[in-house]
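Note that these values count all heavy atoms, side chains included, but never hydrogens, waters or copies made by symmetry.
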Amino acid sequence: MLVKGSFDPAATEAIWRGRWEELHLGEADVDSPRPSFSIALPPPNITGALHMGHALNAVIQDSLSRFHRMLGYEVCWVPGTDHAAIATQNVIERQLAQEGTTKEQLGRQAFNERVDAWYRTYQGRIVEQLRRMGASCDWSRERFTLDDAYVRVIRTAFKELFDQGLIYRGPRIVNWCPRCHSAISDEEVEYREHHDTFYFVRYRSPDGGGGLVIATTRPETIVADVAVAVAPGDPRYAGLVGQSVIEPLTGRAVPVIEDEAVDPDLGTGALKITPGHSPEDFEVGLRHHLPTLTVISLDGIMMVPELPALDGLAVEDARQVAADLLRRSGALEREQPLVHQVGHCDRCGAVIEPLITPQWWVRVAELAGPAIAVVEEDQLTLHPPHFRRQYLEWMRGLRDWCISRQIWLGHRIPVSTCDRGHTFAWIEEPESCPECGSRVLTADPDVLDTWFSSALWPFTTLGWPARTPELQEFYPTSVLVTGFDIIFFWVARMVMMGLRFTGEIPFRDVILHAIILGADGARQSKSKGNVVDPLEMVDRYGADALRGWGATVAMGTQDSKFDESRLDGFAKFANKLWNMVRLLHLIHFPSGEGRIPWGSQPEASEVTIVDRWILSRLAHLVEVVTTAMTEFELGTAIEAIYAFAWRELADWYLELAKPRLQSHDRSALWTTRMALVTMLELLHPIMPFITDALAEQFEEMPPTLDMAQWPVASPAWLDPQAEAVLAEFQQLTGGLRSWLQDLGAGFGRQAPRVPISLTSTADPVLAELIRQCLPLLVPVEWVDSRVDEMDGVAPLVVGGTTVRLASSAASASPQIRTRMERELDQLGQLRARLEAHLSGPFATNAPEAVVQRERDRLAEASRREAALRSSLGI
RNA sequence: GGGCGCAUAGCUCAGGUGGUUAGAGCGCUACCCUGACACGGUAGAGGCCCCAGGUUCGACUCCUGGUGCGCCCACCA
């Protein structure tokens, strides 16, 4: 198995995906006595394949799932996909446009077939991508927001809200997208900066008097004005309030009114009121019981038969024409450039046209209250915490949610009206009116906002509205992991709906992770060509490497540029792990297969200081990783494991233990195995493939580490003495290596060893370690010369230890001399700084421990300085 | 207009209840194909931790004010 000296991710991953499936690893058992841990996967939109943002999302959830399995939880991670009505429709419409056709030409049925084909393709792709990344979802519970059961659930939820009066239909001003030909919600409006013209237009009095001047960016809507409003008490217009002025395009008289919404400092302080085409004006109109006029069609075309010059024009064109008309009539007094924000459809980019149309609304005031309370009371926690405030402010300022869409794709609004005017919601499509029995029914033509169905996801996937065992066992879910861009679209609404329908929060913790940008720093999008396919990354670096990357960026608070080099680093790490286990494996089985045995536990007398050191480091690691994983800090966890595995276990412990391992030293074998296996267990949630493949090389392991118990370190392993000794040893080794490098000493196998002598140490344990182990790491050999016989030899001083290069060549080496002089210089500066520091107020004000540390450093510096001086003969 | 986040090595990013020697990956330089690994080893170069004040014995870290970048919210026509 480990014959090859390099890790082959593709082969390993295929094997382990198969094993996990055979073990039904992801399948949750509702009857399990274990405590439950559950996650509802944010169902990816089936608008296309997954990108690196989805990969990150899946990695976090899978790591948490596996971690909790190891902690002994029954884990239920429900996967699925979202039909994403308006988004998918747009994608397919764009595709049709490229083919030179439209959905209308195609017809409903052919269009639907097209959509189904699309869904089939991408559903498969998405599931494949998740599997390849190692996602241990419960595939037996996979859901799609358009499947039959889900449809029924949505109707149930809708009917309930409808019957309770929380859903109503009414003509109100909405964000209308003329391109999508549909209303959209406030959240789907994206504001962009526009550089437009501010037109100052005079409305005269009926008697020909001066009247007043209003300022507007939309002169084409003057024909729909029903009033002019000024701020209450504005002295400039005092005489006009209650009078009329003449709208200058068609000459209608409109009243001058007062309203608090008018800011006297803006424009001229007089505001034309156009309730049919402006949300603010609509409100003013309601307050003053003004009529509404509509002059723009659902296609964004002017409808003003009384003014043929404008009639039939697109809004943009009509604006120029209207300005022209006003200019010629002299009513346009002034024009100035204006920078302001204009709403666009976030799906297609078209400019939003506020229009009055009948739509379906959710009364959110009643739903928002509990959703605010659970966050205020910390029943539900957002991570990172600054999102809490964002959530609360949005929730508090919430206006009714427009949930009807006039598009083809999506869940139908389950409402019909009979010919006698009875309107009712249903779950199964009815044949007759439940009130009067009439069989002449008209079904509502609209479909639902995708987010209405998404809002029900966490409990619907567990079987709601039935009181299923799944719901009992796994709801509320434990944690929700999603990108912070959909906190309002989705998270907030799930909280409202969850509380409404189940009486419980839908999840306890919400992890809002970064959005992954393309390497160019822009949002990933197909049109920009900066989308990275996770599968491509898996093919190139392996799934574990991709997951390692995911762990490091998991809790970033910013958008994160995708950095492929991080995957490269983790691919190399995986290879390193492979070889670390291979080292031990080759000792037991030099030429074949076999499982590494535990061997017997060593006697205390067999345990060396190096063994004690690595176990102490291991104990720290268990502590750090456990805490980090519990707090969702995957980045902290993997960095700690990486540093331990490579920088401590491989670089130092294994190098030092090699000869003992080769002679089958009981303590070395046992310690190596303990360190390796524990490290693999800690790493398994994040990098499951390689860790399972390597754990399999050991005896007495479970079929997968998911079934292993999360490691607990023995407190007895903590060993400050061993850590202190090794720290000095490491420093000494590093120093010696530098010197030898300067000397040009060869490190090759046949290179001659440089003679050194140990002239003093404070600590006998350290002395023994140095004698035994230094030559394992550095090409040196011990000679026993007395110091006074070694004229001018170069000393290396670390702590209480001095090692001398016992060679005249060494001391004569100009590089060594230069290095010594440089070091002496640095030490002088350091000493001066420390002395100054310690003689100042620092010594009296700082805590004793800190001061003592500085004193120790000063002593160390002085000692080294003296040794160098004597050696340099100065 | 309000709010939030970020500014640290060439690039992408960690980090710190304030302690004087700030880290990782990738990249770069030199040497080494050393019996687990060249997807490797060793040594190294590279940082006024955005700027200016303040608090403090001590600030990259805390406070205030700037600057720059990004995001969210908002009915200023």
Side-chain angles (χ1 to χ4, degrees), chain A residues 2 5-7 173 186 191 198 214-218 229 261-263 265-268 270-274 278-284 338 340-341 354 384 386-387 389-390 393-394 397 484-485 487-488 515 517 519 521 541 548-549 552-553 555-587 635-636 639 642-643 647 650-651 654-655 658 662 734 737-742 744-751 777-779 826 830 833-834 837 840-847 849-851 853-854 857:
Chain A
L2 295 185
S6 63
F7 172 52
I173 195 148
D186 294 342
Y191 288 90
F198 211 15
I214 59 95
T216 183
T217 54
R218 302 204 58 185
V262 179
D263 181 344
D265 298 328
L266 261 168
T268 62
L271 176 62
K272 75 189 206 61
I273 300 300
T274 320
S278 153
E280 312 88 85
D281 296 4
F282 184 79
E283 299 294 326
V284 176
L338 179 75
H340 65 149
Q341 301 287 319
H386 68 259
F387 285 113
R389 180 171 171 174
Q390 210 169 308
E393 284 181 5
W394 181 83
F484 60 67
D485 53 338
I487 180 169
F488 303 138
I515 305 305
L517 307 176
Y541 300 99
W549 160 82
T552 60
V553 296
M555 294 309 274
T557 51
Q558 283 279 91
D559 290 350
S560 180
K561 275 187 229 180
F562 178 61
D563 178 16
E564 199 172 325
S565 74
R566 299 299 282 262
L567 278 83
D568 187 38
F570 283 111
K572 288 173 176 163
F573 179 52
N575 192 62
K576 186 72 180 183
L577 296 174
W578 178 269
N579 279 289
M580 288 164 70
V581 174
R582 184 164 177 256
L583 169 67
L584 183 60
H585 195 265
L586 286 173
I587 292 206
T636 305
E639 270 165 30
Y642 185 106
R647 257 64 263 192
D651 287 352
L654 292 180
E655 290 302 331
K658 250 182 217 175
Q662 262 138 16
R737 279 168 170 163
S738 302
W739 285 35
L740 294 182
Q741 193 97 8
D742 285 349
F747 279 74
R749 216 183 325 171
Q750 305 90 336
L777 303 178
V778 187
Q826 284 168 351
L830 177 65
R833 218 168 49 231
L834 289 168
H837 200 203
F842 167 78
T844 47
N845 291 329
V850 176
V851 177
R853 205 183 320 152
E854 292 297 273
R857 291 182 64 206

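Using a 4.0 Å heavy-atom distance criterion, A:G840 is classed as making no nucleic acid contact. Among the atoms of the strands shown, none is found under 4.0 Å from any heavy atom of A:F573. The residue A:A643 sits apart from the nucleic acid: no heavy atom pair falls under 4.0 Å. Residue A:P847 is in base contact, counting any heavy-atom pair closer than 4.0 Å across all strands shown. Residue contacts for A:Q390: at a heavy-atom cut-off of 4.0 Å it reaches the sugar-phosphate backbone alone, with no base atom in range. A:Q341 comes within contact range of at least one nucleobase, with a heavy-atom separation under 4.0 Å.
Which of B:U21, B:C4, B:G25 sits closest to the side chain of A:L830 comes down to B:U21. Checking B:G5, B:C37, B:C31 against the side-chain heavy atoms of A:Q741 singles out B:C31 as nearest. Checked against B:A36, B:C57, B:A77, the side chain of A:F198 finds its nearest nucleotide in B:A77. Among the nucleotides B:A36, B:G19, B:G25, the one closest to the side chain of A:A846 is B:G19. When the nucleotides B:C72, B:C37, B:G5 are ranked by their closest atom to the side chain of A:F488, B:C72 comes out on top. Relative to the side chain of A:D568, the nucleotides B:G41, B:C57, B:C26 differ in distance, and B:C26 lies closest. Of the candidates B:C73, B:A36, B:C39, B:A36 carries the atom nearest the A:L654 side chain, counting heavy atoms from C-beta on. In this structure, the nucleotide among B:G41, B:A77, B:G19 sitting nearest to the side chain of A:L338 is B:A77. Closest to the side chain of A:L586, from the set B:C26, B:A36, B:U42, is B:A36.
The main-chain N or O of A:E564 is never found under 3.5 Å from a side-chain atom of A:D568 such that the two would form a donor-acceptor pair.
Classification of the A:F562-A:W549 ring pair by plane angle, with boundaries at 30° and 60°, yields perpendicular. Note on ring orientation: taking the six-membered ring where Trp is involved, the planes of A:F570 and A:Y642 are perpendicular (angle over 60°, cut-offs 30° and 60°).
Under the salt bridge (Lys or Arg N to Asp or Glu O under 4.0 Å) criterion, A:E854 pairs with A:R857, not counting sequence neighbours. Listed by chain and residue number, nothing satisfies the ring pair (Phe, Tyr, Trp, His ring centres under 6.0 Å) test with A:Y191 (two or more places apart in sequence, or in another chain). Residues forming a salt bridge (Lys or Arg N to Asp or Glu O under 4.0 Å) with A:K576 (at least two apart in sequence, or on another chain): none.
The nearest pair of heavy atoms linking A:A261 to A:V284 is CB-CG2, 4.3 Å. Heavy-atom minimum distance, A:P354 versus A:R218: CD-NH1, 4.1 Å. What you find for A:V262 and A:A229 is that their closest heavy atoms are CG2-CB, 3.7 Å. Closest non-hydrogen pair, A:N575 versus A:G5, comes out as OD1-O, 4.1 Å.
Phosphate proximity of B:G25 to A:R647: present, with a side-chain N or O under 4.0 Å from OP1 or OP2. Side-chain nitrogen and oxygen atoms of A:K572 include none within less than 4.0 Å of the OP1 or OP2 phosphate oxygen of B:A38. Between A:R853 and the phosphate of B:G19, there is no side-chain N or O to OP1/OP2 separation shorter than 4.0 Å. A sub-4.0 Å separation between OP1 or OP2 of B:A77 and a side-chain N or O of A:H340 is present. A:K658 has no side-chain polar atom (N or O) that falls below the 4.0 Å cut-off from OP1 or OP2 of B:G35. Using a 4.0 Å cut-off, some side-chain N or O of A:R833 falls inside it from OP1 or OP2 of B:U21.
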Are any protein N/O atoms closer than 3.5 Å to N/O atoms in nucleotides 12-14 of chain B? If there are, list each pair with its distance.
{"unit_1": "B:U12", "atom_1": "OP1", "unit_2": "A:K561", "atom_2": "NZ", "d": "3.0"}
{"unit_1": "B:U12", "atom_1": "O2'", "unit_2": "A:D563", "atom_2": "OD2", "d": "3.4"}
{"unit_1": "B:U12", "atom_1": "O2", "unit_2": "A:R566", "atom_2": "NH1", "d": "3.3"}
{"unit_1": "B:C13", "atom_1": "OP1", "unit_2": "A:K561", "atom_2": "N", "d": "2.8"}
{"unit_1": "B:A14", "atom_1": "O2'", "unit_2": "A:E639", "atom_2": "OE1", "d": "3.2"}

Please write out the pairs of protein N or O atoms and N or O atoms of nucleotides 44-48 of chain B separated by less than 3.5 Å, giving the distance to one decimal.
{"unit_1": "B:G44", "atom_1": "OP1", "unit_2": "A:S738", "atom_2": "OG", "d": "3.2"}

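Atom P of B:G10 sits at a distance of 22 Å from the matching atom of B:C6, rounded to the whole Å. Across the C1' atoms, B:A36 and B:G41 are found 12 Å apart, a figure rounded to whole Å. Separation of the P atoms belonging to B:G23 and B:U17 is 16 Å when rounded to the nearest angstrom. For the C1' atoms, the distance from B:C26 to B:A45 is 16 Å, rounded to whole Å. B:C50 and B:U56 have their P atoms separated by 24 Å, with the value rounded to a whole Å. Comparing B:G40 with B:C33, their C1' atoms sit 9 Å apart, to the nearest whole Å. Annotation: B:C28 and B:U34 have their P atoms spaced 22 Å apart (nearest Å). B:G65 and B:G3 are spaced 11 Å apart, taking the P atom of each and rounding to whole Å.
The CZ atom of A:R737 sits 5.5 Å away from the CG atom of A:L777 when rounded to the nearest 0.5 Å.
Not a single donor-acceptor pair, N or O on each side, falls under 3.5 Å between the base of B:A74 and the side chain of A:E393.
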| query | Can A:K658 and A:L654 be said to form a side-chain contact (heavy atoms from CB on, under 4.5 Å), step by step? | reply | CA-CA 6 Å; A:K658 250 182 217 175; A:L654 292 180; 5.6 Å; no
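With RNA chain B read from its 5' end, the first of the two nearest nucleotides for A:F7 and A:V262 is the one closest to A:F7. Taking the nucleotide of RNA chain B with the nearest heavy atom to each of A:D265 and A:S6, the more 5' of the two is matched to A:S6.
Side-chain contact between A:V850 and A:F842 is present, with at least one heavy-atom pair separated by less than 4.5 Å.
In RNA chain B, stems built from 3 or more consecutive Watson-Crick or G-U wobble pairs, each with both distances under 3.5 Å, span B:1-7 with B:67-73, B:10-13 with B:23-26, B:28-32 with B:40-44, B:50-54 with B:62-66.
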